[in-house]
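Atom set for the values below is all heavy atoms of this structure, side chains included, hydrogens, waters and symmetry mates excluded. Note that the structure is a prediction, hence the values are computed from the model and not measured. Here, residue 1 is the first one in the sequence, and each next residue gets the next number. Order of appearance sets the numbers: ligands from 1, and atoms from 1 within every ligand.
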Amino acid sequence: MPVPKRKVSRSRRDKRSANKGIKPHIVIFCQTCQAPKTAHSLCEECGYYKGVKVMRTKKERAHERATNRAAMQGSMPNPAAMAPTKPAEGSDKSSPQE
Ligand SMILES: [Zn+2]
């Protein structure tokens with residue numbers, strides 16, 4: 001009868017049994033957009049959880065940034081014009097306590 005050559009060490013035995021409690025992630029489909037997602041978590045595709053919008057998605061934030069950028073560039077073609085005006089040169093040298 002074959003017999004193990006060596007004793008299985010405590011470390012090796014415990015590493016094996018450490019994975020026995022792991023359960024697979026349960027995948028369900030979002031009720032809003034039907035994208036696969038893990039159960040009891042918000043949908044990262046649409047940002048909804050149980051039919052309520054709780055998060056802006058990455059695509060929405062990128063779209064907002066693009067529209068804001070377009071609006072900024074449309075309203076002010078010259079960014080140097082938006083720089084704050086420099087104070088008068090005389091006020092720089094005088095001390096603020098007077
Ligand atoms: Zn969704």
Side chains of Lys59 and Glu45 in contact at under 4.5 Å (non-hydrogen atoms):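 Lys59 reaches Glu45 side chain to side chain.
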same_hphob_cluster(Met55, Tyr49) at 4.5 Å side-chain heavy-atom cutoff: yes
Would a distance-only check, ignoring hydrogens and angles, find a side-chain to backbone donor-acceptor pair under 3.5 Å from Lys50 to His40?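 Side chain of Lys50 to backbone of His40: no pair is present.
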Number of protein N/O/S atoms that sit closer than 2.8 Å to the Zn ion (ligand 1):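 N, O or S atoms of the protein closer than 2.8 Å: 4.
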Table please: side-chain donor-acceptor pairs of residues 5-33 below 3.5 Å, with sequence neighbours left out.
from: Ser9; atom 1: OG; to: Arg12; atom 2: N; distance (Å): 3.1
from: Ser17; atom 1: OG; to: Arg13; atom 2: O; distance (Å): 3.1
from: Ser17; atom 1: OG; to: Asp14; atom 2: O; distance (Å): 3.4

Other residues, nucleotides, ligands: >12 heavy atoms within 6.0 Å of Glu44 CD: no
